[in-house]
Amino acid sequence: MTWLNHYIEKIHAEHRAAKLFPDKPTIAFDPCREGFRGGLRVVKTSKKNVVTLTIGPFCAKETIYQDSAGALVNSRQLRALTPYRCTFGYDVLVYVGRALFVEGLNERQIMAALGRKNVPISAREISYLGKKFIVYLALAHRQSRKRLKQAMALRGGYILHLDGTCEADSPHLFSGIDGIARIVIDNIKLPSEKAALLVPFLRRIKRRYGDPLALVHDMGRGLMSAIGAVLPGVRDYICHFHFLRDIGKDLLEKDYAVIRNRLKKHKIRSVLRQRIKVLRKLIGEDERRLAVAMDRGRIDPASSPKASLLGAYALIHWCFDTAGLDGYGFPFDRPHLIFYRRLKILHSLIDKQSIRGKQFSRLWRPLTRIVEDPQLRQAASRMEKKIAVFERLREALAIAPPGSRKGLNDDGRDVKIKGIAEKVKKFRQTIPETEEYRKMRVQIDKYWEKLFADPITVATPDGPFTIQPQRTNNLMERFFRDIKRQSRRRCGTISLNRTLRTILADTPLVKNLDNPEYLEIILDGCGTLEERFARIDSRLVTEKLSAEKRNQQRISPEVRKMIRQQDLPERLVALLAA
């Protein structure tokens, strides 16, 4: 690459002198100047437009030779810059891939950033380069399986965490992660999480990486059945977080749905939001000044008419506020129940005239309908009792601690498994013997052996090593949450149904790019991803992208053209009746 680097520097010097290229530069690429010697004859000279971060747009003029055996000899330097028959260089490809999947930028942001680097590109081209990046990464990962397996062996093996995600009726994106090294090892897209579909996926992981030391997963029936068929005898553990979440949903969902639906029936949120709009206009530009004064106790509500307006405004916002949630989702976080509780407090303050004013009195009637709703009151009462039981199990499992503020980033307290098992056993003896808690009792008994994992002692080149399997599958939850967050930021939509339909199955591999050990393995001696991708046959990338496109086309272009004919029924009847 010495000659090419010298050539590039020469062009940059001319560019700095002239401030801009008067014309797009032409760079000659000749294999004879790259070390090829003897028996070569010129076949032809070809030209193509190339765009790289290093140079920008230029015309590549390549002299193609033929050796004594009749094989064509192309420029290695040009192939190191850009894939065969492609315009954009590997540096642009990697830049786009990292921007999309690591930094979470959207196409327009990347277009603007590349424009400032003298790289003209469209949003559609960025989307295509993003898919190419995933395919190149997947091929590098596939070519590095032996080294990945060797690295696992040096650690004594791997613990396989399994989980999937979907949106509405989208395909399930399913991934397997080595829980020790935190490396995504395999991915697949499936119509559903049925055992028959998961069995080939698990067999593929087993064939490529061997039996795991242990498995950690949720309680999906299809997954558990597939594991029993493919990995019998492997230590199999249920994620404590998923276990507790599923029990909580079964226990609380029915009453919580009543609360949610009754609040929606009363349209109380719309009433309060309308009141907020009115109050905001009445308070005007005094909002901040009054808020600071009231917070410091330096305002007399009687002497400031707007003080009572701000009080009503703040209390309504307080009812809506969910800042105190822990970030675990339902059943750990129960925003509708909190909202109902706060509505009752606000109604009580107004009813007892603890707070006064015309703005408060206007809220009394809609709040009274909420407080006097018998279905709401009974569902909330039942739920409060169940929450007390659920929270005791939560404490016994030492998982998803209240008030941790870490949400899914919390892997639970570092407590000995035997101690947790003993506490859960004591809790099991205190569960009320009523029908409401029957499923909780059954679940604890059914999964007892899969809940409490003893440390695993493995043999490594450095001697015996003890591994404690993680109690949670939260690393998978965080993994999918990050992917969804980045997708929503790029697309600007809440629903990811369409994204999960079109996303390449190997997209989760991008999460490995934050892992230095993984990067060292897949680079295989190369200094950068650009160099590593240049070693991959670009035809393999084209073939894989074509196969993905065929898989996503549920209807062929020919059939689509046919069904768009307005007289299709009549034409088919005439054809089939002939």
Side-chain angles (χ1 to χ4, degrees), residues 1-15 18 20-97 111 114-115 117-122 124-133 135-136 139-140 526-547 549:
M1 296 293 286
T2 305
W3 171 84
L4 181 59
N5 291 338
H6 175 73
Y7 201 105
I8 291 171
E9 181 56 36
K10 180 181 177 182
I11 291 174
H12 282 179
E14 295 173 355
H15 177 266
L20 53 86
F21 289 125
D23 297 300
K24 183 164 58 177
T26 298
I27 303 178
F29 293 87
D30 190 331
C32 287
R33 301 169 68 177
E34 301 170 8
F36 287 100
R37 290 291 182 270
L40 297 182
R41 70 178 185 85
V42 176
V43 176
K44 63 177 179 179
T45 299
S46 68
K47 291 183 179 181
K48 77 168 185 175
N49 292 320
V50 178
V51 182
T52 69
L53 286 175
T54 313
I55 305 171
F58 68 94
C59 177
K61 182 179 180 181
E62 180 185 17
T63 302
I64 301 173
Y65 292 84
Q66 189 177 52
D67 63 16
S68 57
L72 294 180
V73 178
N74 296 95
S75 169
R76 291 182 303 208
Q77 291 176 335
L78 182 57
R79 293 294 177 271
L81 281 178
T82 180
Y84 179 59
R85 290 185 175 178
C86 294
T87 299
F88 294 98
Y90 288 108
D91 53 0
V92 178
L93 172 71
V94 172
Y95 180 92
V96 168
M111 276 179 62
L114 286 174
K117 297 177 182 292
N118 193 31
V119 176
I121 191 170
S122 68
R124 188 170 184 175
E125 287 168 325
I126 288 173
S127 178
Y128 181 68
L129 286 181
K131 289 186 176 182
K132 284 185 70 174
F133 177 83
V135 173
Y136 269 105
L139 290 171
C526 295
T528 64
L529 278 176
E530 291 89 331
E531 290 181 36
R532 180 66 182 88
F533 289 175
R535 284 169 44 183
I536 296 173
D537 189 342
S538 60
R539 288 172 298 184
L540 296 175
V541 177
T542 303
E543 290 171 5
K544 192 168 177 62
L545 283 171
S546 298
K549 186 176 181 180

Euclidean distance, [Y] [atom2] relative to [X] [atom1], rounded to 0.5 Å:
X      : Y      : atom1 : atom2 : value
Thr54  : Lys117 : OG1   : NZ    : 10.5 Å
Ile121 : Tyr95  : CD1   : OH    : 10.5 Å
Gln66  : Arg41  : CD    : CZ    : 4.5 Å
Leu139 : Lys544 : CG    : NZ    : 6.5 Å
Lys44  : Thr63  : NZ    : OG1   : 11.5 Å

Give me each pair satisfying side-chain hydrogen bond (donor to acceptor under 3.5 Å, both in side chains) with a member in residues 531-543, each pair once, sequence neighbours excluded. Gln143-Arg532, Asp524-Arg535, Asp537-Arg539
Between [X] and [Y], what is the shortest heavy-atom contact and its length?
X      : Y      : result
Leu53  : Asp91  : N-OD2, 3.0 Å
Ile64  : Ser46  : CD1-OG, 3.9 Å
Ser122 : Met111 : C-SD, 3.9 Å
Tyr90  : Ala80  : CD1-O, 3.5 Å
Leu114 : Val92  : CD1-CG1, 4.5 Å
Thr52  : Val119 : O-CG2, 3.9 Å

Excluding sequence neighbours, so at least two apart, what forms ring-ring contact (aromatic ring centres under 6.0 Å, His included) with Phe88? none
Would you check if the distance from the ring center of Tyr136 to the ring center of Phe533 is below 6.0 Å? yes
Can you list the residues that meet the side-chain hydrogen bond (donor to acceptor under 3.5 Å, both in side chains) rule with Tyr65, with sequence neighbours excluded? Asp30
Just so I know, are the side chains of Pro83 and Val541 near enough to count as touching, which here means a heavy-atom distance under 4.5 Å?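 No, side chains not in contact.
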Does some side-chain heavy atom of Ile27 sit less than 4.5 Å from a side-chain heavy atom of Val50?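 Contact flag for Val50/Ile27 side chains = no.
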Do other residues, nucleotides or ligands put more than 12 heavy atoms under 6.0 Å from the NZ atom of Lys48? yes
Under a 3.5 Å distance rule, please check whether Asn118 uses its side chain to pair with a backbone N or O of Gly56 as donor and acceptor.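 Pair absent, no side-chain N/O of Asn118 close to backbone of Gly56.
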Judged by atom type as modelled, is there a donor-acceptor pair below 3.5 Å linking the side chain of Glu62 to the main-chain atoms of Ser75?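 At least one qualifying donor-acceptor pair exists.
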